[in-house]
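Proteins come first, then strands; the chains are lettered A, B, ... in the order of their sequence lines, and each starts at number 1.
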Amino acid sequence: MIEPRTLKGFRDHLPAQALARERLLDVARRVYRSYGFAPIDTPALEYLDVLTGKGSAETDKQLYRFEDHGGRQVGLRFDLTVPFARFAAQHVGVLGTPFKRYHMATVWRGENTQRGRYREFMQCDFDTIGTTSAVADMETVLVVHDLLVALGIGRFTIRVNDRRILGGVLRTLGLADRATDLLRSLDKLGKLPPEGVVAEMVGHGAPEEAAARLVSMAGLSGGSAEVLGAVAALVGDDPVGREGVEAVRALVDGVTRAGVADGRVVVDPSIARGLDYYTGIVLETFLDELPTLGSVCSGGRYDDLAGLYTKQKLPGVGASLGIDRLLAGLEELGRVSAAETAAEVFLVHFDAAHLGDYLRIAAALRADGMGVEFFPEPRKLGQQLKLAGKRGFRVALVIGGDEFARGTAQLKNLATEQATTIAWNGDLRALVDAIHSHLEAIRSGH
RNA sequence: GUGGCUGUAGCUCAGUUGGUUAGAGCACCAGAUUGUGGUUCUGGGGGUCGCGGGUUCGAAUCCCGUCAGCCACCCCA
């Protein structure tokens, strides 16, 4: 016997979990489309040179790579942004700009696993390319906002910053040459005490006073106007840094005008993001109830990503929803339904002699738009009801010999165990309508 | 990739200083009840004690390795 097992970081998805996942995907799809983003897809496997050197040294190490049967060096995509850059460079001609797309697909990273962190997981990206308009930046934040609201996640915070601010501050402090190391240290605020971060920066060659100023800036909290004012002071006359400050100011102003509630979007000067390709605004999204889960939706502006594949200037901005991480979080919060069925109606296989009637009834209910499972075997009624309840059906439809004789049907609410008798006298339309309205009532009652 | 903790039935866990046929609750199946599920009663199936090796008369228990999970580093969705 071969032991049934899965690779580390690769998982099976049982119905309850897969259904929850599909619900998230449905919501994401709806929100993306509501802003005009169009779906695309790309291959899971790419030529290795398309993927390497685009994210960071780290993502190169995490890349699943191998030689295919034709001796080609290939790799599995580790995110959806890099393949999109290739896609955009290859197809701009027919797409035209600006171009907005969403892409929901599986990606692979050969890194160590942890809670909410797997080797195979799904991302739901949306990006706008071909424009540097601040509107595109605003929409990126608005989509993330609408998405989390639509998912019913009450408490979350979108933290925004701009790479240019960080660069400007570093230049003003004379630390531009140490940017990567210092930003990495800065990212540890919240994990390490401020003194610890300063010490680490000094280790990277920064003067203590400069490091302390950097850390105090990143630790700023409060209203966005306040934080931006303090940041602006640190940026000084650096022109690029000022652009960043203005970009964030405009961003916050725009989303506020669009109706985003106070506190949902905050300016956080410590958000740096690891991926090297970001050039403008950056954002991360945290569940207030599970801050240690990490960001469930991150992104930013990258103004020269496609430059690796084409001479044409293709600026872009977008974000990525990590639905597997989000799902892990929702599960932990007990917010994932235990239902194992997507259908609402369980049709009891009562009397094998009436098989034809059952099939006809099931077909009529489905034609009306309801999901119906007709149990394949005429097992004992108790057993069928037990299974139906366990799987999470809303109602069981019981029609046995007695009911057929009387022209009635019994509709049982599986949650409350209450049964209602429906009189239909062989009029299929009447039966369907009655069940339909009962279901509506049950749904709205929840 | 590095370090720490953990690994007994599908799930949650017992298992005395290593001692003979490894237990419980829940879940599952069958019956009490050939037309009504989440209560009750009775019975039943199911465990290479993660895997491999070592120490020992004897290992679930001690040692080493390995795999997996969690946590931290790193990075990130």
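- Within the 3.5 Å criterion, the main-chain N or O of T106(A) finds a donor-acceptor partner in the side chain of R77(A).
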Requested in this report: Start with the C-alpha distance between S270(A) and N161(A), add both sets of side-chain angles, then the distance that settles side chain to side chain donor-acceptor pair (under 3.5 Å), and finish with yes or no.
Outcome: CA-CA 8 Å; S270(A) 73; N161(A) 191 24; over 6 Å; no

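- Between N112(A) and S320(A), the one whose closest nucleotide on RNA chain B sits nearer the 5' end is N112(A).
- A straight line from CG of L321(A) to P of A77(B) spans 12 Å, rounded to a whole angstrom.
- With P as the reference atom, A14(B) and C76(B) are 39 Å apart, rounded to whole Å.
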Query - Reading 5' to 3' through nucleotides 30-42 of chain B, protein heavy-atom contacts under 4.0 Å coded B for base, S for sugar-phosphate only, - for none - result: SS---BBBB----

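- For RNA chain B, the residues of residues 8-21 of chain A within the heavy-atom distance limit of 4.0 Å (strictly under) are K8(A), G9(A), sorted by number.
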Query - Worked check of side chain to side chain donor-acceptor pair (under 3.5 Å) between T81(A) and D125(A) - result: CA-CA 8 Å; T81(A) 308; D125(A) 278 32; 3.2 Å; yes

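- Remark: C1' of C76(B) and CZ of R159(A) are 17 Å apart, rounded to the nearest angstrom.
- For R391(A), the CZ atom counts as loosely surrounded, since its 6.0 Å shell holds 12 or fewer non-hydrogen atoms of other residues, nucleotides or ligands.
- One atom, CG of L287(A), and another, C1' of C76(B), lie 15 Å apart when rounded to the nearest Å.
- Comparing G52(B) with U16(B), their C1' atoms sit 29 Å apart, to the nearest whole Å.
- Comparing G322(A) and T113(A) along RNA chain B, the residue whose closest nucleotide (by nearest heavy atom) sits nearer the 5' end is T113(A).
- Between Q114(A) and A72(B) there is a side-chain N or O to OP1 or OP2 distance below 4.0 Å.
- The side-chain heavy atoms of F393(A) and V345(A), taken from C-beta on, include no pair separated by under 4.5 Å.
- Rounded to a whole angstrom, the distance from the P atom of C5(B) to that of G44(B) is 43 Å.
- Pair assignment for C70(B) gives G4(B), based on Watson-Crick or G-U wobble hydrogen-bonding distances that are each under 3.5 Å.
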Query raised in the report: D162(A) and R301(A): salt bridge (charged side-chain N to carboxylate O under 4.0 Å, His left out), yes or no, with the steps?
Result: CA-CA 9 Å; D162(A) 195 295; R301(A) 175 167 280 285; over 6 Å; no

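- When ring centroids are compared, F84(A) and H103(A) stay outside the 6.0 Å threshold.
- Comparing the same atom, P, in U12(B) and in G31(B) gives a spacing of 30 Å after rounding to whole Å.
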Report task. Please step through salt bridge (charged side-chain N to carboxylate O under 4.0 Å, His left out) for the pair D26(A) and R23(A), ending with a clear verdict. Result -> CA-CA 5 Å; D26(A) 285 344; R23(A) 275 194 290 272; over 6 Å; no

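- Between M104(A) atom CE and A77(B) atom C1' the separation is 15 Å, expressed in whole Å.
- In this model, the phosphate group of C76(B) is not approached by any side-chain N or O of R325(A) to a distance below 4.0 Å at OP1 or OP2.
- Pairing of G31(B), defined by two Watson-Crick or G-U wobble distances under 3.5 Å, is identified with C41(B).
- One can place CZ of F286(A) at 10 Å from P of A77(B), the figure rounded to the nearest angstrom.
- Distance, L7(A) CG to G69(B) P: 10 Å, rounded to whole Å.
- Annotation: G54(B) and G58(B) have their C1' atoms spaced 15 Å apart (nearest Å).
- More than 12 heavy atoms of other residues, nucleotides or ligands shown are found within 6.0 angstrom of CZ on F66(A).
- Atom C1' of G18(B) sits at a distance of 31 Å from the matching atom of C71(B), rounded to the whole Å.
- The interatomic distance linking Y278(A) (OH) with C76(B) (C1') rounds to 10 Å, in whole Å.
- Here the side chains of E403(A) and T408(A) are in contact, with some heavy-atom distance below 4.5 Å.
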